[in-house]
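For reference, the structure discussed in these notes is given below.
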Amino acid sequence: MTRKIIIDTDPGQDDAVAILLAAASPELEVRALTVVAGNVPLSYTRVNARKVLELAGRTDIPVYVGCDRPMRRKLVTAEHVHGKTGLDGPDLPAPTMAEQSQHGVDYLIDTLRAAPAGTITLCPLGPLTNIAMALVKAPDIAPRIAEIVLMGGAYFDVGNITPAAEFNIYVDPEAADVVLNSGVKITMIPLDVTHRALATKPRLDAIAAIGNRSGNAVSAMLNFSERFDLAKYGWGGAPVHDPNVIAYLLKPELYTGRQINVTVELASELTLGMTVADYWQITKRPRNVFYVRDVDAQGFYDLLTDRLARLP
Ligand code: BDR
Ligand code: CA
């Protein structure tokens, strides 16, 4: 049986790779992309989402445009990582497919209300604004969501946009707070995991060797986005965060973690957006998150490379 998912995204090279992985995987029925502001402003992410679907030959997947700023704060972006457009690297043509006219938040609400309860999984790959806005506007959708599998947060590897906070959570911490307290089943893929699945040269070479247009585009994307992380961390490769969400759906056996409490810091200027993970279960706070901690990195890259080879 295929699993129905909605990908909420702010592409972003690594978001693009996640979308391609999902688009190539018959186990998943991608109902739609909902787009949010994050890595770059919404004016770019809404275009990038459609460029990636056209690259994958999947213009059957509709794109709904969501929020252009966080719930309570000014948008913080990451052009220093992703380039001006968010998708710098490959030279992809301007998209010709249309956007849907309905707002992304209303699409989420209507779709979750119309589908049988527990049949749609949400896959947020950016700030959680759209998901939280839908939960605030229509709290009745919470018990209808099968699961939220998100890329965000960090604990052992702390921050990448501040010393304490991971980008997606930092950009809209109030939205993260709504999601974490929603009662929905949540799986979190934090930096602690993505930093253990580095795109080393042999892994990038394997993607480049596929030779199709999607493989070539991913190769160009990752070679662009690696530059910042390689200089920053000095590791043998850069993390490719967001596709881990899709890989987790496809092959959960590649990942390990535990059910714990995660709470987001909203008050402190110094640690705003920090995901405080009670990994050692020191408190009695409710265990609201399946916190993924480790990954079979080679298994992840083998899966990604195999699936990209199925695309045009
Ligand atoms: C997350 O932030 C963005 O830069 C990436 O697309 C990913 O979703 C990693 O912190
Ligand atoms: Ca992202």
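Ligands are counted one by one from 1 in listed order, and the atoms in each one are counted from 1 as well.
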**Prompt:** Is the shortest heavy-atom distance from the side chain of T275 to the side chain of M188 under 4.5 Å?
**Reply:** yes

**Prompt:** Would Q13 count as a contact of ligand 1 if the rule is a heavy atom under 4.0 Å away?
**Reply:** no

**Request:** Check whether any N, O or S atom of D15 sits under 3.0 Å from the Ca ion (ligand 2).
**Result:** yes

**Asked** Quick one: does ligand 1 sit under 4.0 Å from the side chain of D15, the backbone, both or neither, non-hydrogen atoms only?
**Response** side chain

**Heavy-atom side-chain contact between C123 and E147 under 4.5 Å** = no

**Request:** Report yes or no: is the cationic atom of R293 (NZ for Lys, CZ for Arg) under 6.0 Å from the centre of the six-membered ring of Y291, at an angle within 45° of the ring normal?
**Result:** no

**Heavy-atom side-chain proximity of L75 to P70 below 4.5 angstrom** = yes

**Asked** Just by distance, do the side chain of N288 and the backbone of V262 share a donor-acceptor pair under 3.5 Å?
**Response** yes

**Request:** Enumerate the atoms of ligand 1 whose separation from the nearest heavy atom of N160 is less than 4.0 angstrom.
**Result:** 9 (C), 10 (O)

**Asked** Any N or O on D242 sitting closer than 3.5 Å to an N or O of ligand 1?
**Response** yes

**Message:** Closer than 4.0 angstrom, basic N to acidic O: yes or no for K201 and D205?
**Reply:** yes

**Prompt:** For D242, what is the atom name of its N, O or S atom nearest to the Ca ion (ligand 2)?
**Reply:** OD2

**Asked** Counting each atom of ligand 1 from 1 as listed, which ones have a heavy atom of E166 under 4.0 Å away?
**Response** 1 (C), 2 (O), 9 (C), 10 (O)

**ligand 1 N/O within reach of D10 N/O, cut-off under 3.5 Å** = no

**Request:** Give the name of the N/O/S atom in D10 that lies closest to the Ca ion (ligand 2).
**Result:** OD1

**Request:** Under 4.0 Å from a heavy atom of D14: give me the atoms of ligand 1 that qualify, with their elements.
**Result:** 5 (C), 6 (O), 7 (C), 8 (O)

**Message:** Could you check whether H195 and Y233 have their ring centres less than 6.0 Å apart?
**Reply:** yes

**Request:** Among all protein heavy atoms, pick out the one at the shortest distance from atom 3 (C) of ligand 1; state its residue, atom name and that distance to 0.1 Å.
**Result:** N39 OD1, 3.0 Å

**Prompt:** What about L191: any of its N or O atoms under 3.5 Å from an N or O on ligand 1?
**Reply:** no

**Prompt:** Should the pair Y255 and Y248 be assigned to parallel (<30°), tilted (30 to 60°) or perpendicular (>60°) ring geometry?
**Reply:** perpendicular

**Asked** Checking only N/O/S atoms, does L125 have one that is under 3.0 Å from the Ca ion (ligand 2)?
**Response** yes

**Asked** Just wondering, do E79 and P41 contact through their side chains at under 4.5 Å, heavy atoms?
**Response** yes

